[in-house]
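The structure under discussion appears below in the form of structure tokens.
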Amino acid sequence: MDGAAVAGSMRAAVVGGPRGIRVERVARPEPGPGQVRVRLEGCGVCGSNLPVWEGRDWFRYPLPPGAPGHEGWGVVDALGPDVSGLKPGDRVAMLSSAAFAEYDVADAASTVVLPPSLAGKPFPGEPLGCAMNIFRRADIQPGQTVAIIGIGFLGAVVTRLAAHAGARVLAVARRPWALELARGQGAAECIPMDDHHRIIERVKSLTGNTFCDRVIEVVGEQWPLDLAAELTRVRGRLVIAGYHQDGPRQVNLQLWNWRGLDVVNAHERDPQVYVEGMRMAVDAVASGRLDPFPLFTSFPMAELDRAFEAMRARPDGFLKGIVTP
């Protein structure tokens, strides 16, 4: 039975408990003032949602239908009151909170229209916009040496953006296949993330003892954060893009002070900044400057558990899961 079979209803994924997702038929949402309803084509699976799938003592289940999907895209099919600039049939990327479903609603101001050149292509705008905002906050310039620690989806996209901007990119990653991917995205040097001191000596050698103008940490763990500071030159910029969600961190403030580092937290919280990043991502992909499509692995909504498991296990070849209704 498809979403049109029962008037006013839809299929949605429900996280009923740790590692327990089911698909249910629920009421289809209606757009309120300033909102649009989107018939979803897909939604990305975000690493920040891994803990709620794995289970923690503080989470309450079941989650609302469609939650915590927040990387959706699709076609506008209904407008709420006081919406202008959008119409049914527009294909959009969106910021919402329940996009593991056939339909979701979003504020009109939190949508970005996708051009005809992207027709039929998956476009999880939120993570692509996040990558663009990381790149913008890093302020990467031609001729700089940029180390990127962690080559997952964000690391791969930022590698491509930095290389295209004329920087020399040093990619640091644990998995050999991820290093090869980084090379394909434009990394000049690919360094195994195996031994702390060996990595430092390698980067020191590659930079004539000065280290890197920019270092972007995209792992979200203590050791990569420590390593990132060690690889940043005097008066360089350390950009924290990894999502550190498993407890407090310690930092070597003596080193940060001695080198006079600029430290940037690249996690945005202003929805309009997210939206601007999404617009930048649309331009980058439509122009061919960025090609994210080989980085996606698609799963049907009924296999959302499997998508989360792939994100947890990180098998070779997997970077970013997207789920289709």
Side-chain angles (χ1 to χ4, degrees), residues 12-23 42-72 97-101 122 124 126-128 130-131 134 148-159 171-182 192-194 216-225 227-228 240-249 267 292-325:
V14 176
V15 182
R19 305 184 186 222
I21 300 176
R22 58 185 183 266
V23 177
C43 180
V45 181
C46 181
S48 69
N49 297 142
L50 193 57
V52 76
W53 176 77
E54 292 176 325
R56 300 289 191 273
D57 291 343
W58 54 87
F59 292 127
R60 293 185 177 275
Y61 302 95
L63 270 61
H70 60 272
E71 300 180 357
S97 60
F100 292 142
E126 194 270 356
L128 288 168
C130 184
I134 291 166
I148 298 177
I149 301 177
I151 304 298
F153 175 74
L154 283 177
V157 173
V158 176
T159 295
V172 183
R174 292 188 177 99
R175 298 171 291 175
W177 79 266
L179 291 173
E180 287 304 310
L181 173 71
M193 192 174 171
D194 50 10
I216 304 174
E217 180 271 312
V218 207
V219 180
E221 297 175 1
Q222 181 70 59
W223 174 39
L225 181 61
L227 180 63
I240 301 169
Y243 197 49
H244 293 261
Q245 58 181 335
D246 61 345
R249 294 288 181 254
H267 291 273
F293 306 114
L295 309 180
F296 300 138
T297 301
S298 183
F299 301 84
M301 186 165 62
E303 297 182 12
L304 185 52
D305 272 322
R306 190 163 69 89
F308 273 105
E309 175 57 31
M311 182 168 57
R312 185 200 64 79
R314 302 283 181 177
D316 284 0
F318 178 86
L319 283 173
K320 179 72 175 176
I322 57 174
V323 172
T324 57

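Keep in mind the model is a prediction, meaning the values are calculated, not measured.
For Gly150 against Val219, the heavy-atom pair with the smallest separation is CA-CG2, 3.6 Å. The shortest heavy-atom contact between Val14 and Pro62 is CG1-CB, 3.9 Å. Contact detail for Pro65 and Ala98: the closest heavy-atom pair is O-CB, 3.4 Å. Between Asn49 and Val52, the shortest heavy-atom contact is O-CG1, 3.0 Å. Pairing each heavy atom of Val23 with each of Ala302, the nearest pair is CG2-CA, 3.9 Å. Contact record, Val157 with Ala131: CG1-CB, 3.5 Å, taken as the closest heavy-atom pair.
Ion pairing of Arg249 with Glu217 is absent here, as no side-chain N (NZ or NE/NH1/NH2) approaches a carboxylate O to less than 4.0 Å. Between Arg306 and Glu309, none of the side-chain N atoms (NZ, or NE/NH1/NH2) sits under 4.0 Å from a carboxylate O, so this pair counts as no salt bridge.
Distance check: Arg174 CZ to Asp194 CG gives 10.5 Å after rounding to the nearest 0.5 Å. Note that CG of Leu225 and CH2 of Trp223 are 12.5 Å apart. Values are rounded to the nearest 0.5 Å. Asp246 contributes atom CG, which lies 8.0 Å from atom CZ of Arg56 (distance to the nearest 0.5 angstrom). Phe308 contributes atom CZ, which lies 11.5 Å from atom CZ of Arg19 (distance to the nearest 0.5 angstrom). Separating the CD1 atom in Ile216 from the CD1 atom in Ile134 is a distance of 7.5 Å, to the nearest 0.5 Å. In this structure, NZ on Lys320 lies 7.5 Å from CE on Met311, to the nearest 0.5 angstrom.
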Criterion side-chain contact (heavy atoms from CB on, under 4.5 Å) on Val45 and Leu304, from CA distance to verdict = CA-CA 9 Å; Val45 181; Leu304 185 52; 4.0 Å; yes

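Side chains of Leu319 and Leu181 form a contact here, defined as non-hydrogen atoms less than 4.5 Å apart. The side-chain heavy atoms of Cys43 and Met301, taken from C-beta on, include no pair separated by under 4.5 Å. Using a 4.5 Å heavy-atom cutoff, the side chains of Pro18 and Phe59 are not in contact.
The backbone N or O of His267 sits nowhere less than 3.5 Å from a side-chain atom of Tyr243 that would complete a donor-acceptor pair.
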